[in-house]
Number of protein chains: 2
Amino acid sequence: MSSKPEPLFQPLARDALSQQIARMLTDAIVSGKLKPGDRVAESVIAREFGVSRAPVREAARLLESTGLLVSHANRGFFVRTIDAEDLDSLYELRLCIEREAAARVVREGKVAGIIDRLRAQIEDMVGMSEENQLILQIGVDLQFHRLIVESSGNKRFVAAFDKLASEIQACTAMIETVFDEPGLVARNHYLIIDALLSGDQDEARAALDYHIGVARETVVGRFRKLEAEEAAKR
Amino acid sequence: MSSKPEPLFQPLARDALSQQIARMLTDAIVSGKLKPGDRVAESVIAREFGVSRAPVREAARLLESTGLLVSHANRGFFVRTIDAEDLDSLYELRLCIEREAAARVVREGKVAGIIDRLRAQIEDMVGMSEENQLILQIGVDLQFHRLIVESSGNKRFVAAFDKLASEIQACTAMIETVFDEPGLVARNHYLIIDALLSGDQDEARAALDYHIGVARETVVGRFRKLEAEEAAKR
DNA sequence: CGATTGTCGTTTGTCGACAATTTCGCTTGA
DNA sequence: TCAAGCGAAATTGTCGACAAACGACAATCG
C-alpha cells in the first residue's frame, strides 16, 4: 500500500450548518438575489434548506454582525437597506483603514512580497471587465484591496475591512454597469501599485485617497440618483 | 383633552433575555470577573441564570461579534485572550478612526455643541480618579472619546469605535493602576479640547495622535511586561 | 363614516431533548 | 514509568414544540 495514500476524497464540508447557511445567504445578498429591505424569515429559510430554525437563526445573527442583515425585535431579519449617506460613511471608514494600511505596507517594506499577486489580480479584473462579469470583477477588486490591508500585518484592519467589504460589494452589485469604460477602473489600480513601489508613505496614502475617492463619488453619486428617482416616484 | 397627551409611561424595558444576558456577560468581562481564556460554557451560564441554552447561546454570539468572546467549533466559547501585538493593532485602528472623526468634527463646526458635555466628562474622570475608581474612570474616558466620534456624524465610525472600545475597556481594566499620577490622565483630555477649539483639523488630529499614542504605549507596554513575566514563569 | 377594539395567522423567543463531538480519567500494554 | 487506546462524562450542534408578540383585518361603537 502507498505510505501516503493519495486522498481519494476531499474532507466534506463539515463546518456547522449555520456557517454554510451564512455563506449561502451572503452570496444571495451580495449577488443581489436578495434585495435591501427583503424579509428574511427564519422559518422560510429553514424550510427551504430543510433544517431547523436554530442554525438559520445563528447564520442570521452572524450576518447581522457583518451588517448585511438587520433585526427588529420580535419581527425578524431584513436585508439591510442602505442610503447614500450611509454608503458615504462606509467609504470614509474604508479610506481611513486602507490608507493607513498602505502606509504601513510601505513603511515596513512589504511591497515586494505582494506585488506579483497584486498585478495578477489587476489582470483578472481587466479580463472580467471585458467579459462584462461585473459582479466577479467587484469581488477581485476587493480582493486586491484586501491583500494590501492584509499585508499591513494589522489583523484589526483586516477584520474591519472584511466587514465593510461585504457591504460595499452588495451595494456596488446593486447598481449595474457603474463604470464608463471597460477595463478603465481595473487598470487604474496600476496607479496604486506605482505609489506603493515609490516607497513613499504619503504617496501611497494619496494614491488610495484618490482611488477610493473616485469609487466613492461614483457609487455614492449613483446611489443618490437612485434615491432621487425613488423619491420622485411617490 | 390635550391634543398631544403627555406620555404617562415610558415604554418598559422589555428586551429579550439574550440581551440581558449579553449585558451581564459583558459586565463580567470588562470588570475582570471573567478573565481572558476562561471558558464560558453555555450550559453552565444557562443553569446560573435559570434559562435555557438558547438565549445564552445568542448572547454569546453577540459578544463574539463584538470580540469579547471567541468560539471554537464544537468546543464552545472562551473569553478572548489578547496579546500585546493584537492590542497594539487595536489602538492603531482606534487612532485611524478617532483622528479622522475629530478632524470632521472640527471641519463641520460641531465642536461648540459638545464642548460642555466633554468638559463635564473630564470632571467626572478626575473625580473617579481621585476615588481610585479606575474601572469607572475608564468607562467615562471611553465615553468622552465616543462623544467625539459620535458627533462626527459618521455612523460607521461609531459602530467601529464601539466594537473596539469594549475590548480596550476589558484590557485596560485587567491591568490595575496603570497610571502614575491620579487625575493626570483625566486632565490630559483638556489638551484634546484645546485642539478641537483651535479649529484646525490637523491640530485636532495631532492631539489625538499624541493622546492615544500615550495610552497605547502605556497599556501595550504594560501588556508586554505581563507577557514577559508570564513567559518567564514557565 | 372614522376610530377603537377584538381576533386570527404568522413569526419570533424560548424551551427541553437528542445526537454528535470533544475532553479527560482510566486501563492496558510495552 | 509512560504512551497509547478506550470509555464515560460533559458540552456543543440541532431539532421539534410551545408560548408570547406582532401585523392585518374584521367587528363594534360612537
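All chains are named by letter (A, B, ...) in the order of the sequence lines, taking the proteins before the strands, and each is independently numbered beginning at 1.
Checked against salt bridge (charged side-chain N to carboxylate O under 4.0 Å, His left out), Lys110(A) has the following partners two or more places apart in sequence or in another chain: Glu108(A). Phe223(A) is linked by a ring-ring contact (aromatic ring centres under 6.0 Å, His included) to nothing, counting only residues two or more places apart in sequence or in another chain. Residues satisfying the side chain to side chain contact (heavy atoms under 4.5 Å, CB included) criterion with Asp83(B), sequence neighbours excluded, are Glu85(B), Asp86(B), Glu227(B). For the side-chain hydrogen bond (donor to acceptor under 3.5 Å, both in side chains) test, no residue two or more places apart in sequence or in another chain qualifies with Gln121(A). The side-chain hydrogen bond (donor to acceptor under 3.5 Å, both in side chains) check on Arg75(B) picks up His72(B), with sequence neighbours excluded. The side chain to side chain contact (heavy atoms under 4.5 Å, CB included) test applied to Glu92(B) returns Arg104(A), Arg107(A), Asn154(A), Phe157(A), Arg216(B), not counting sequence neighbours. Under the salt bridge (charged side-chain N to carboxylate O under 4.0 Å, His left out) criterion, Glu64(A) pairs with Arg61(A), sequence neighbours left out. Partners of Glu123(B) by salt bridge (charged side-chain N to carboxylate O under 4.0 Å, His left out), not counting sequence neighbours: none found. In this structure Glu42(B) satisfies the salt bridge (charged side-chain N to carboxylate O under 4.0 Å, His left out) test together with Arg53(B), Arg57(B), sequence neighbours excluded.
Taking atom NE2 on His72(B) and atom P on dT11(D), their separation rounds to 17 Å, with Å as the unit. The distance from atom CD1 of Ile21(B) to atom C1' of dC15(C) is 13 Å, rounded to the nearest whole Å. In this structure, Arg61(A) atom CZ and dT12(C) atom P are separated by 11 Å, rounded to whole Å. Counting to the nearest Å, the C1' atom of dA21(D) and the CG atom of Asn74(A) are 5 Å from each other. Straight-line distance from the CG atom of Leu17(B) to the P atom of dT12(C): 18 Å, rounded to whole Å.
Of the residues in residues 62-70 of chain A, none has a non-hydrogen atom less than 4.0 angstrom from any atom of DNA chain D. A heavy atom lying under 4.0 Å from DNA chain C marks the following residues of residues 41-60 of chain B, by number: Val51(B), Ser52(B), Arg53(B), Ala54(B), Pro55(B).
By the 4.0 Å N-to-carboxylate-O rule, Arg224(A) lies too far from Glu229(A) to be salt-bridged with it.
The bend of the helix from dC1(C)-dG30(D) to dA30(C)-dT1(D), defined by the angle between the axes of its first five and last five pairs, stands at 10° to the nearest 10°.
No donor-acceptor pair under 3.5 Å is formed between the side chain of Ser129(B) and the backbone N or O of Met125(B).
The phosphate of dT11(D) (OP1 or OP2) has no side-chain N or O of Arg75(B) nearer than 4.0 angstrom.
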